[in-house]
Amino acid sequence: MTAEELSFPIYLTLKVCGFSFVLFLLVGTPLAFWFARSRHNIVKAAEFLVTLPLVFPPIALGYLLLLVLGTQSPLGGFFNEIFGIKLIFSQTGIVLAAFIAGLPLFIRPVQSALKSVNLKEIEDAARLCGAPPLKYFVFITLPIIRNSIAAGLLLGLARASGEVGITMMLGGNISDRTNTLSLEIFNSVSRGDFETATFLCLLLAGFACFIYVALYLVQSKEVI
């Protein structure tokens with residue numbers, strides 16, 4: 001492959017990781033708080049759905065999502081007709097696949113930190129002093145669990161960057177459109193281009209080493 005052909009999967013993977021990073025923070029953090037603090041029975045069902053990518057074969061999960069989000073399905077058709085958003089065979093589908101794959105790895109450490117007895121005692125003290133819930137969550141809870149959030153982000157991004165099964169089903173592995181680094185490794189091996197496959201593997205290995213070092217540094221500075 002030429003440098004120009006290699007640049008697209010690298011760019012797309014970085015783009016997907018960027019969007020996943022934002023989604024983990026905006027969607028994953030409230031979910032982790034809900035899972036950690038709510039006692040409603042519906043929470044168990046929601047936790048099961050979020051954890052599914054860890055225990056269910058990715059290619060099978062991708063197929064189920066394809067059925068649910070396809071343009072002929074009620075949900076996929078709604079987004080396509082009302083908002084003009086195509087959830088499958090598009091970069092939106094790639095981002096969605098990466099987010100779904102990495103979400104449970106982001107939520108786990110954050111949820112665990114939110115269940116800390118020490119954290120709850122500090123929050124109770126802030127509540128007794130008259131601090132409203134939103135204020136002590138922003139200025140007390142989030143700073144205390146920041147390292148757990150950082151660890152979750154690193155784990156989630158590591159998973160999102162290497163996702164194949166769900167990505168292939170939702171994105172379609174379309175050249176110069178939905179082929180991420182991981183999918184391009186698969187493509188390279190399929191056409192016998194082992195040199196390109198090795199190069200791309202080394203890129204992902206470098207990213208994995210960065211994640212490992214960053215995760216080690218974050219965990220060594222745990223607050224609770």
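Residue numbers start at 1 and run along the sequence shown.
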Return the CG to CD1 distance between L96 and I166, rounded to the nearest 0.5 Å. 9.0 Å

Does atom OH (Y216) have a neighbourhood of more than 12 heavy atoms from anything else shown, all under 6.0 Å? no

Just wondering, do L204 and I185 contact through their side chains at under 4.5 Å, heavy atoms? yes

Indicate, with yes or no, if F207 and V164 share a hydrophobic cluster defined by side-chain heavy-atom contacts under 4.5 Å among Ile, Leu, Val, Met, Phe, Trp and Tyr. no

Quick one, L119 and T141 - any side-chain contact, counting heavy atoms below 4.5 Å? yes

Within a strict 4.5 Å, meaning less than it, do heavy atoms of the L103 and L23 side chains meet? no

Do F194 and S188 have side chains that get closer than 4.5 Å, going by heavy atoms? no

From N173 CG over to S190 OG, what is the distance, rounded to the nearest 0.5 angstrom? 8.5 Å

Are the side chains of F83 and F78 in contact, using a 4.5 Å heavy-atom criterion? yes

For G162 versus S182, what's the shortest heavy-atom pair and its separation? CA-OG, 3.3 Å

Pairwise side-chain contact, Q91 with K86, heavy-atom cut-off 4.5 Å (strictly under): no

Taking only residues two or more places apart in sequence, or in another chain, which ones meet I149 in a side-chain contact (heavy atoms from CB on, under 4.5 Å)? L25, F106, V110, L142, I145, L153

Interatomic distance, CG@L183 vs CD1@I174, rounded to 0.5 Å, equals 11.0 Å

Just checking, any donor-acceptor pair under 3.5 angstrom between side chains of N179 and N187? no

Under a 4.5 Å side-chain heavy-atom rule over Ile, Leu, Val, Met, Phe, Trp and Tyr, are I107 and V95 clustered together? yes

Could you pull out all donor-acceptor pairs under 3.5 Å where a side-chain atom in residues 40-65 meets a protein atom, sequence neighbours excluded?
unit_1 : atom_1 : unit_2 : atom_2 : d
E47    : OE2    : Q111   : NE2    : 3.0
T51    : OG1    : E47    : O      : 2.7
T51    : OG1    : R108   : NH2    : 3.2

Which atoms form the tightest heavy-atom contact between T178 and G172, and what is the distance? OG1-C, 4.1 Å

Could you check whether any side-chain heavy atom of L6 comes within less than 4.5 Å of a side-chain heavy atom of L200, counting everything from C-beta outward? yes

For residues L202 and I10: do they belong to one hydrophobic cluster (side chain heavy atoms under 4.5 Å, members Ile, Leu, Val, Met, Phe, Trp, Tyr)? no

For A101 and P104, work out which heavy atoms get closest and say how close. O-CD, 3.7 Å

L66 vs I88 side-chain heavy atoms within contact, under 4.5 Å: yes

Whether E121 side chain and D124 backbone form a donor-acceptor pair below 3.5 Å: no

Using a 3.5 Å distance criterion without hydrogens, assess whether the side chain of S161 forms a donor-acceptor pair with backbone atoms of A158. yes

What is the distance from atom CG of L181 to atom CD of E163, rounded to the nearest 0.5 Å? 13.5 Å

hydrophobic_cluster_shared for F79 and L69, side chain cutoff 4.5 Å: yes

Which heavy atom of F8 sits nearest a heavy atom of R177, and at what distance? CE2-N, 3.2 Å

Determine whether L12 and F99 fall in the same hydrophobic cluster, where Ile, Leu, Val, Met, Phe, Trp and Tyr are linked whenever their side-chain heavy atoms lie under 4.5 Å apart. yes

Donor-acceptor contact below 3.5 Å, side chain S20 vs main chain A160: no

Non-hydrogen atoms of F24 and G156 that approach each other most closely: CE1-C, 3.6 Å

When you check the gap from the basic side-chain N to the acidic O, do E123 and K115 get nearer than 4.0 Å? no

Please find the pair of heavy atoms, one from L157 and one from C17, that lie closest to each other, and give the distance. CD2-O, 3.3 Å

Hey, what do you get for CH2 (W34) to CG (L114), rounding to the nearest 0.5 Å? 14.5 Å

If you round to the nearest 0.5 Å, how far is CG of L75 from CG of L67? 12.5 Å

